[in-house]
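Structure, as structure tokens:
Numbers restart at 1 for each chain; the letters A, B, ... are given by sequence-line order, proteins then strands.
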Protein chains: 2
Amino acid sequence: MAVGIKDLAREAGLSVATVSKALNEYADVSEETRQRVREIARLLNYQPNITARGLQSRRTSMVGLVIPTVEPHLSDDPYFLDLLAGIADEAAEHEFALLLTRCAPGPKERTCYQKIVRGRRVDGLIVVRTRSQDQRVAYLLEEGFPFVTFGRTDQGLDFPFVDVDGTQGVYDATRYLIGLGHRRIGFIAAPEGLMFGFHRQEGFRKAMEEAGLAMEPGLLARGDLTLQSGDVAMGQLLDKDPPPTAVVACNDLMALGAMRAAQKRGLWVGRDLAVVGFDDTHVAAHSRPSLTTVSQPIYDIGILLCRMLLQTLQGKPLEVRQILLRPALVIRESSGGTIS
Amino acid sequence: MAVGIKDLAREAGLSVATVSKALNEYADVSEETRQRVREIARLLNYQPNITARGLQSRRTSMVGLVIPTVEPHLSDDPYFLDLLAGIADEAAEHEFALLLTRCAPGPKERTCYQKIVRGRRVDGLIVVRTRSQDQRVAYLLEEGFPFVTFGRTDQGLDFPFVDVDGTQGVYDATRYLIGLGHRRIGFIAAPEGLMFGFHRQEGFRKAMEEAGLAMEPGLLARGDLTLQSGDVAMGQLLDKDPPPTAVVACNDLMALGAMRAAQKRGLWVGRDLAVVGFDDTHVAAHSRPSLTTVSQPIYDIGILLCRMLLQTLQGKPLEVRQILLRPALVIRESSGGTIS
DNA sequence: TCTTGACCCGAAAACGATTTCGGAGTATAA
DNA sequence: TTATACTCCGAAATCGTTTTCGGGTCAAGA
């Protein structure tokens, strides 16, 4: 059933060595035999056994990605899919495949990475959603295993990454709100430890500080990135007296939850209250009101990540090891116009 | 750097054979040596080389999935991510990983599958978004390669699948609209050839026929599953005279597009016009108006698919080879109430 | 005629694990 | 004491490729 290189050799009356070399563009094979071998391979529909090749060449032609979400459903990050698409597309471009696993942050995570790294399951890894002290990054550096990350960390380590400047993004968004006349602005933060959450919150702090606006602890709520948690957090903010006139959420889903909470209380988002998100998820453009948010080119980031990883796998040093992209504020209805 | 089984053997003063057997629960190894080998493996942090093991055992411990979307962004199917999550979770449960690729339908598709199948890149495949005459299914059957599909086909072949009864789903939805008093109901179909699109359209036809309502060709539009195409299709439907009072779209994204088109014309969806989708994507619940749609347990389907595949890989025959799930109509705002 | 080098090809050794098969040692039964 | 069985271990084959290294052939040049 399965046709191996031996079958080709027998068919062609050659040795397996010659067949292998003919197929792999070696110089010491005559053009004639090369053609003949190719033809036979085509006829017999030969495809080299990837596993055997991998064992010999010590390469798997796979890049790995471990999705670090807690809950089973990945739905808290609709943009993950675009990231995957970008990575998979770029990988396919270079005859690589993507190995996908899921493992929640925690003690089992190290074991998961060890299996992949020491077991040589893939040639390189893409690490996403970096954390402040990220043991994954530390481990991979320690092992000398090739990887790139989406996001920076806070541990003074040097490694290749792509990141979006969340600080700048939220800074822009917050300044925009301030420019509209808002003074009491709330913030719905991400769980602690997540690097992107920290950066985004920094952007908020910076903008408020520059404007001479106090960051009241009461106007800071924290969610877990889900829509429901955004709803709850917004409830807390609106219970303050006086409540904020604008709210910045750390991601789109929480912003949508926040809008829902406001609407349940009879508030008209975009008029009575401004809401801004982050990610520019597909839902953002089609919610009602449509969501003002900060946009990042997530598909292209996937491409970029994969390209960087593949390049290091080829032994070529990267011209730019660390990339920080500037996101763009997308103004829609939820932030309303100037307030009185 | 990389510690192999030879290192363990040297360290333990045993042969590689014995070490291997000790680690793999063979009976002809004394309990004492087994413990000692285990301990050394733990200390040296040994992880067997997956590739080498795969070559010998002829198994990769991977299941494959080729995403068949045309455009680079996978965003036309937000629910894909949940499917992936289900598959990846169930795979991880059994120490399997998921190999992800992307390949648009077309001539290159066969090559893509050949690489995977003949190259033995994975142990089994999950095929999604089946088509009427699906060459992927035909090919895999022909090769005798293990697989399961999400969706049926129309070629009289016998293979294991999980599917959602789209006919029933749309039938229920259409009957609901008819019950509300609608008589002129439009349908936004999927591209031809897609099996799920056909089934859903069948449900529409059946419901209309049963109610004695003519299916005017003018009230049938076709999109490509994207939001934009739903917008365009709805434009065509609203240009009819008289226009439909209700529209069923083949998926949520087109339904959202349809709503947008209606709203651009000043129509109030849920009052002037009813719109129904299919999938119960996350956006459905949070659009304005929220979308009445047909819900399918996509994450659980992923689990189910993977479980079926893994079971056949273990050589155990499936008790149920073909599963047809009944979806549920979720009534929200976009379908409005009774019309006069 | 002999040497040299270019050109092709094949034998065999990897790669790192699993698995088969036989053998040594010891205990038990005859 | 001998035969038998049982326990435990290791040598070697194996999986399907790639890659090294040496050898054979033939033509051109000395």
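Counting heavy atoms from C-beta outward, F147(A) and V122(A) have side chains that stay 4.5 Å or more apart. Between L305(B) and L83(B), the closest side-chain pair of non-hydrogen atoms falls below 4.5 Å.
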If a protein heavy atom is under 4.0 Å from the base, mark B; if only from the sugar-phosphate, S; if neither, -; do that for nucleotides 8-15 of chain D going 5' to 3'. BBBBB-BB
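One distance of note links OG1 of T111(B) with CD of Q47(A); it measures 8.0 Å at 0.5 Å rounding. Between T149(B) atom OG1 and L157(B) atom CG the span is 11.0 Å, to the nearest 0.5 Å.
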All N/O pairs under 3.5 Å across the protein-nucleotides 23-25 of chain C interface:
none

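Looking at R36(A) and E39(A), no side-chain N of the basic residue comes within less than 4.0 Å of a carboxylate O on the acidic one, giving no salt bridge. Comment: R38(A) engages E25(A) in a salt bridge, judged by a side-chain N to carboxylate O separation of less than 4.0 angstrom. Contact check on R307(B) versus E93(B) returns no salt bridge, with no Lys/Arg side-chain nitrogen under 4.0 Å from an Asp/Glu carboxylate oxygen. Salt bridge E109(B)/R129(B): absent, no basic N to carboxylate O contact under 4.0 Å.
For the pair L8(B) CG and dT18(C) P, the interatomic distance rounds to 10 Å; values are reported in whole Å. Rounded to whole Å, the distance from CZ on R10(A) to P on dG10(C) is 15 Å. One can place CG of N24(B) at 12 Å from P of dT20(C), the figure rounded to the nearest angstrom. In this structure, the CG atom of L23(A) is 13 Å from the P atom of dC9(C), given to the nearest Å. With rounding to whole Å, R121(B) atom CZ is found 17 Å from dG16(D) atom P. Rounded to a whole Å, the CZ atom of R53(A) is 17 Å from the C1' atom of dA14(C). Going from atom CD of E25(A) over to atom P of dT19(D) covers 13 Å, rounded to whole Å. We find that OH of Y26(A) is positioned 6 Å from C1' of dT18(D), with the value rounded to whole Å.
Counting heavy-atom neighbours within 6.0 Å of Q314(B) CD, excluding the residue itself, gives a total above 12.
For the helix from dT1(C)-dA30(D) to dA30(C)-dT1(D), the terminal axes (five pairs an end, C1' atoms, rotation from four pairs onto the next four) enclose an angle of 70°, given to 10 degrees.
Looking only at atom types and distance, the side chain of Q322(B) has no donor-acceptor partner in the side chain of D163(B) under 3.5 Å away. For the residue pair D7(B)/Y46(B), the side-chain donor-acceptor check at 3.5 Å is not satisfied.
Using a 4.0 Å cut-off, some side-chain N or O of S20(B) falls inside it from OP1 or OP2 of dT18(C).
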